[in-house]
Structure formats: structure tokens, C-alpha cells
Amino acid sequence: VIRELFIRRWQAAGLIDGATAERIRTWEAAHRRPLWLWAVAGMGALAIGLGVMAVVGANWENIPAWVKLAVSLGLNTLCAVALYVFWRHRRAWAREVTALLLFSLVLSGIALIGQVYQLQSPLWRALLLWLVLCTPFLALVARSQLAGALWAVAAVTTWFAAEVPLHHLFAAAGIVSSQNRYLEADYFMRLLVYLPACGTIVVAMARRLWPHARDQGDSLLKLAAAGLMVAVSLSVVFDDQPHDDGWLRPVVVAAGATLLAAASQWLERDASARRPVLTLLGISFAAWLAGLLIVDIDGRANDVARALLFILYWAAIGGMAARAGQRSLFGVAFTMVGLRLLVVYFEAIGGLTATGLGLIGGGVLCLALATAGWRLTRGVSRRPARAV
Amino acid sequence: MSRLLPIAVIVALALPVLALAALIGQQEHLLANARVLNVPVSGVDPRDPLRGRYIVAQFDWDWAGEPTAPNRFAMRRGALCVLAEGQGRPRVRFIEGWESGDDIDGSCRMMIKGRGWPKNDNPSARFVPESLDAEGGLVHLFVSEDRAPELERLLREHPGGLTVDLAVRPDGLVSIKALRLDGQVLGR
């Protein structure tokens, strides 16, 4: 419907003639990618998996434990066999849906065993086992962007679920202080959000090496870049009192992760495709480091420094997006700068009358920013780019 | 397509199924080679995102010798020497520092390796088997969603009504074999 709408619009504007419009329709019909079908099928597989998990969670007493375990094992086996058959016969749609179904059934199986045998292990262990068991088959047979995105979500969830043992690990290695609880350890929380983004960039680049999964690798890279921007923004925004002693080791670890992510870019042969990711990594690490170092500044100066750093970071991303011809990213960067300016505006005022005037002023500022953004976005030339 | 790829896919697909089967086999093996000790529990009822409703419980021991420590948060590693079992709470004595393979006192009918916390200003001393410690000496008992509210009420109004069969191995490690409500096994 949307495609037809555009064809008619271009035809009405005189950009294409009737014959060209017909050729476009014929080509689109031959090369159509029913994205909605993928989305619905993916949601269906996920819904079945979540449903099985909810049924497991209900823990029906009337069904003997051995029956529950046998059904779970049987479903997993059936799904694995079906997945192999679909993979052998190159049934892409069925293969991806079955892979997602098996992905969720394995987690249900782990949960069921934990429930039946009253195992006490924490959530992160179950999630880690799930990833260890499922990553090999997902890497070999699943090629859709949806499967890649769900794997990344699962991996990041496992990482954050393991924050307590990770804090123990980092403390034992002397990277962060062992004196504090993990929520009080500023440097640890900053590392916790920064490291998975760098790790996902490495995974995405490795995934792109497999020709069949190149699209999946590209979407993983975009997710990782978005995660990196969120991680750095959070590190810059949050203003906690420093509880850790010594910033050097956390910085060395973050620098190591950044360098590893940067080095993985050389798996890409096209130098022009490498540049945006390397630039993003560079400015992200610089902003992350600056956010960590200004923790020691007290009072109002700290607020100002954080606001300035946030604006500079997103302005740099905007500049990078403009050079790479990434209009949408440029728009996001501009919006982030605008929002932060608006917050600065509100932070600077107080009292009810002043707040009212502030709202009016903020509204005017928004309109001015929108106008400037519209003009600037139109000025960004659209160029094909791989990622970010 | 490489000749090795189908083999790799078969191995990758067999891995989760075989691992789940192995997990079940391991748990059955642990239960099969153990003696059973029935212990009353007390607790409350929250929810786990993966495994459903559970009771956060602590074991109710009849202490002949409690763990001792300077404050109630100090945990002591060691084992419980089970002096007597049968009706009601098992009579036990805490032996600090006991490890698998250490000598066993003749009065001990079985040993349970784990962690103990002193009574001090707590209502009672706590001990939880090492393999069952969900955190801080507490254990999570997964129960049916339908039965959970009833069990929570029962735990408040009828202490001792809910008990756990512990499968205790000769090396002092423990698994939960069954939950019992007034002596009747739940859900197995």
C-alpha cells in the first residue's frame, strides 16, 4: 500500500511516467519482502515460547514431574529435527521461525528442570546456560535480523543479570573497589553499561564474515552502535558521588574494549565503511572518559560540565552523521541536543511564575530548534552508508 | 555447502537437547544416591520470572549446638551433624570448618555441608545446605501457582505443616527430593 502510494505520488509529480511506474510495480512484485509476515511470524514464535514458559511457571501439580520433563524434552527434540529439515531444504521462513521457537523452548526446559528439582542457582546462570546451548545453532542456521536482535537482547540481559558476580570478578581483578556494594561503585556501573556495547560490535563484525548472515551482522552493528550511544549518554547524565578509589584501571579496561571493537573494524575491507564506526568509538570513549573524570567536580560546576559534555557528544555524533549522509541519525543527534538544551533551560529556573514563563520560553526554544533542525536536515546529503 | 557443515548443524542442534537430558540425568543420579531427611520450613511467597511462584523459606532445625559468631550477619562454613531424625524437627549440631572427607563423629547419623548464621538477636540460628543457599541462608521452594496462596497462609498459621525431603549424599551435599504438606508429597 505504501509502495503504491509513493509510485502514484511520483507519477503525479511528473517524476516517472506510466511505463516506468508499471516497471517498478512489476519489479517490486518479483522482489517483494513481506516484512509484516516476518514480524508476525517472529511474534508468533516468541508468543509460543513465552506461553510455554508461563505454563512452566504455573507449575501444575496435577501433571507428574516426569511427564512435564518428557514433554519438554520431546518438544525440544521435535523442534531441533524440524529445524534441521527446514535448514536442509532451504525453507528460510520456516527455518527462522523454528530457530526462534527452539531458542525459547530451551529456556523453558532449563526453567522446568530448575523448578522440578528445586535448583537454587541465580537467574544469570540459567540465562548463561541458555546462551551457551543456543548460540551454536543460532549462529549456524539463523540468518534473519530478528534472530540476531533477539540473541543480542538475550546476551545483554544475561550480562546485566550477572551484575553481582561481575562486580565480584572486577573487584577480585582489582579493576574496581571491593569495599563498596556494586550499586555504589560508580566506575563499575559505567563499565557495566559500556563494555557490552563494545563486545556486541566485535560480535557483529565477526558475524558479517559469514556471507549468508551479512545483513544480520549489519543490523547487530547498528544495535551495538545505538547501545554505545545510550551507554555513554547514561554515563554522562548520571551524577553520583564517587565511591571508588582510582580511575586508572577502569579506564584501561574500557580503552582495551574500545580498541578491540576498533580492531574488529579491519574485518571490513572497505575503508570508507570503517570510518563512521571508528569515529563513533573514538568520540564515545572520549565522552565516557570525560564523564568519569568530572565525577570529582562539585556543585553547580558538575551540572554544567555534564550538560556541556552531553551536548558536545551528541553534536559530534550529529557532525559524523552529516558527513556520512545519515539523515536519520543526524535528526536523532539534533533532537538529543535540543532536549538537553530544554532541560538546561528548565534547570535554570525556579518558582511557579518562573516555571510558567520557562514553559513558554521552552516552547519557543523547541519551535526554534525544530526550524533549525528542518533546515539542517535538508542540508545533509543522503549517501548510502553501511552502519551507524 | 561444505561436507562438515551439516555435521556441525546436527551437533549444534543436538547440544541443547542432550544438555537438558544430561541435566535431568544428573539430578536423578544425585537423588538416587542419597539418604532422605525430612525438615520443616517457614517462609513467604514471591514469584520468579522463569520458574514461577516460590516460597522463600528457611529450615527449621532443633539445635543441640548452634553456630556462633560475633554478629548475626557473620556466616560460618561447616556442616550439620544430624543427631536424630524422625518426627518433627531433626536434632542437629553445627560443626564449624567441617569439609567432605573429614572424620565424622560417631553420634552423627549423617552430615550436611553448608553455611550457618548465629542466633544473636535473630529468632533462631540459621543453617542452609551449601547447594541450596539461594542467598543469605534462605532457600527457594518452587510451588504450584494455584497452591501458592494457600501454602503462604499455611506457613503463617500452621508452622511445621510444610516440610522438605532432603536427599543427603555421603559427601554432605544435598538436593531437594520432595515437598510435603502434612506428610503428603506435593507435585511429583
**Asked** Is the CZ atom of A/R125 crowded by more than 12 outside heavy atoms at less than 6.0 Å?
**Response**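 Incorrect, the count does not exceed 12.
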
**Matching residue for A/N76 among B/L13, B/L18, B/L20 - test: side chain to side chain contact (heavy atoms under 4.5 Å, CB included)** =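 That would be B/L20.
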
**Request:** Report the C-alpha distance between A/F137 and B/L15 in whole Å, list the side-chain angles of each, state the deciding distance to 0.1 Å, and finish with yes or no for side-chain contact (heavy atoms from CB on, under 4.5 Å).
**Result:** CA-CA 9 Å; A/F137 80 75; B/L15 176 70; over 6 Å; no

**Item:** Between A/I113, A/L105, A/V106, the one whose heavy-atom pairs under 4.5 Å with chain B are most numerous
**Value:**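 Ranked by heavy-atom pairs under 4.5 Å with chain B, first place is A/I113.
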
**Message:** Between B/Y54 and A/Q115, does the side-chain contact (heavy atoms from CB on, under 4.5 Å) criterion hold? Intermediate values first, please.
**Reply:** CA-CA 9 Å; B/Y54 63 92; A/Q115 189 188 73; over 6 Å; no

**Message:** Treating A/Q118 as the side-chain partner and B/F142 as the backbone partner, does any N or O pair qualify as donor plus acceptor under 3.5 Å?
**Reply:**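 Present.
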
**Request:** Without swapping roles, check the side chain of A/Q120 against the backbone of B/H140 for a donor-acceptor pair under 3.5 Å.
**Result:**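 Side chain of A/Q120 to backbone of B/H140, a donor-acceptor pair under 3.5 Å: yes, one is there.
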
With a 4.5 angstrom heavy-atom cut-off, which part of [X] approaches chain B: side chain, backbone, both or neither?
X      : answer
A/L138 : neither
A/V67  : neither
A/V141 : side chain

**Item:** Heavy-atom pair of closest approach, residues B/V17 and A/A80
**Value:**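 Answer, listing the atom of B/V17 first, then A/A80: CG2-CB, 4.2 Å.
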
**Request:** Search all heavy atoms of B/A12 against all heavy atoms of A/L140 and return the closest pair with its distance.
**Result:**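 Answer, listing the atom of B/A12 first, then A/L140: CB-CD1, 3.7 Å.
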
**Message:** Contact between A/W87 and B/P6 at the side-chain level, heavy atoms closer than 4.5 Å - yes or no?
**Reply:**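 Side-chain contact under 4.5 Å: yes.
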
**Asked** Hey, does B/I24 have a side-chain heavy atom less than 4.5 Å from the side chain of A/L73?
**Response**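 Counting from C-beta outward, A/L73 and B/I24 do come under 4.5 Å.
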
**Message:** If I take atom CG from residue A/L119 and atom OG from residue B/S175, how far apart are they, to the nearest 0.5 angstrom?
**Reply:**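 Reported value, rounded in 0.5 Å steps: 8.0 Å.
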
**Asked** How long is the span from the CG atom in B/L31 to the OH atom in A/Y117, to the nearest 0.5 Å?
**Response**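 Reported value, rounded in 0.5 Å steps: 7.0 Å.
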
**Prompt:** Going through the checks in order, is the side-chain contact (heavy atoms from CB on, under 4.5 Å) test met by A/Y84 and B/V9?
**Reply:** CA-CA 7 Å; A/Y84 181 76; B/V9 171; 3.8 Å; yes

